[in-house]
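Right, one structure below, let's go through it.
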Amino acid sequence: MRDDAAFMREALAEAAAAAGLGEVPIGAVVVRDGHVIARGHNRRECDRDPAAHAELIALRRAARHTGGWRLLGCTLYVTLEPCAMCAGAAVQARLPRLVFGAPDPKAGAAGSVMDVLREARFSHTVEVVGGVCEAESGALLRAFFAALRRQP
C-alpha cells in the first residue's frame with residue numbers, strides 16, 4: 001500500500017535541510033518497494049550549480065543505488081511541482097510515478113504551466129499525483145521567502 005503522505009514527510013525533512021543551508025526549501029525522495037532509496041534537497045547556492053535541484057540529486061542517487069538509469073518501479077516525491085528540467089529528467093529516467101506537494105504556478109511542468117510528464121508525444125509518460133502535504137510544502141516556501149524579504 002502506498003503511503004504518499006508519509007513519504008512526502010520524508011521529502012519535507014529534506015526541504016527543511018535545504019532551508020537550513022539557506023537554499024530554497026525543496027526536498028525529494030525516491031521510493032522503491034516501500035523504502036526510501038535516495039534523498040535530495042536543493043543545493044544550487046551551495047554548489048553554485050544551476051542543475052542542483054532536489055529532484056535531480058535524488059534521481060542521480062537513485063540511479064547509483066539501483067545500478068541503472070531506468071528507475072522502473074520507483075516513485076519520486078518532491079515538495080514542489082517540478083520544473084521543466086526536473087520533469088524531463090523524470091521522463092528520461094522512465095520513472096513510473098511522481099508525487100508532488102505544492103503546485104508551482106510560475107514554473108511547474110506537471111500541469112501548472114506545462115505538462116512535460118504526461119506529454120503523449122514522448123516515448124514515456126509519468127503518472128502524477130499533486131497536492132500531497134500541499135499546505136506544509138507551501139508553508140515552508142512562504143516562510144523562506146518572507147524571511148528573505150525581511151533581510152536588509
Side-chain angles (χ1 to χ4, degrees), residues 4-32 36-71 74-119 122 124 126-152:
D4 289 343
F7 290 124
M8 187 60 74
R9 285 190 288 278
E10 295 283 335
L12 284 163
E14 289 296 317
L21 296 172
E23 297 278 352
V24 176
I26 300 171
V29 297
V30 177
V31 173
R32 187 173 72 176
V36 174
I37 63 166
R39 300 172 178 276
H41 54 265
N42 271 13
R43 293 192 50 87
R44 289 192 312 173
E45 301 298 332
C46 291
D47 294 350
R48 296 188 172 133
D49 179 355
H53 288 207
E55 301 97 319
L56 292 184
I57 293 167
L59 289 172
R60 285 180 184 128
R61 289 175 177 169
R64 281 195 298 274
H65 176 85
T66 64
W69 60 268
R70 290 178 188 88
L71 297 179
C74 294
T75 298
L76 174 64
Y77 292 84
V78 60
T79 58
L80 182 67
E81 180 182 359
C83 69
M85 175 179 66
C86 294
V91 170
Q92 291 300 315
R94 307 301 191 263
L95 196 72
R97 187 165 184 264
L98 183 140
V99 179
F100 70 85
D104 185 350
K106 293 183 179 180
S112 289
V113 174
M114 65 181 74
D115 200 345
V116 171
L117 296 167
R118 293 174 283 207
E119 173 54 59
F122 291 155
H124 177 77
V126 179
E127 175 190 346
V128 176
V129 177
V132 176
C133 299
E134 179 178 346
E136 297 94 323
S137 297
L140 266 176
L141 288 161
R142 283 189 299 279
F144 176 81
F145 287 112
L148 275 183
R149 287 189 294 276
R150 287 192 298 269
Q151 290 181 358

Check: [X] side chain, [Y] main-chain N or O, donor-acceptor pair, under 3.5 Å:
X: Arg97; Y: Thr75; result: no
X: Asn42; Y: Ala54; result: yes
X: Glu23; Y: Arg44; result: yes
X: Glu81; Y: Ala110; result: yes
X: Thr79; Y: Gly27; result: yes
X: Arg118; Y: Val116; result: no

Nearest 0.5 Å please: distance from the [atom1] atom of [X] over to the [atom2] atom of [Y].
X: Leu95; Y: Leu59; atom1: CG; atom2: CG; value: 6.5 Å
X: Arg70; Y: Gln92; atom1: CZ; atom2: CD; value: 11.0 Å
X: Ile37; Y: Leu71; atom1: CD1; atom2: CG; value: 6.5 Å
X: Lys106; Y: Cys83; atom1: NZ; atom2: SG; value: 15.0 Å
X: His65; Y: Arg32; atom1: NE2; atom2: CZ; value: 5.0 Å
X: Leu76; Y: Leu117; atom1: CG; atom2: CG; value: 9.0 Å

For the residue pair [X] and [Y], what are the closest heavy atoms and their distance?
X: Ala38; Y: Ala62; value: CB-N, 3.4 Å
X: Leu80; Y: Pro103; value: CD1-O, 3.7 Å
X: Ala58; Y: Gly40; value: CB-N, 3.9 Å
X: Pro105; Y: Val113; value: O-CG2, 3.4 Å
X: Ala19; Y: Pro25; value: CB-CB, 3.9 Å

- Would you please test Leu21 and Arg43 for side chain to side chain contact (heavy atoms under 4.5 Å, CB included) and show each step? CA-CA 8 Å; Leu21 296 172; Arg43 293 192 50 87; 3.6 Å; yes

- Could you walk me through whether Leu140 and Glu136 pass the side chain to side chain contact (heavy atoms under 4.5 Å, CB included) test, one step at a time? CA-CA 6 Å; Leu140 266 176; Glu136 297 94 323; over 6 Å; no

- Message: Would Val99 and Met8 count as a side chain to side chain contact (heavy atoms under 4.5 Å, CB included) here? Give the steps.
- Response: CA-CA 8 Å; Val99 179; Met8 187 60 74; 3.8 Å; yes

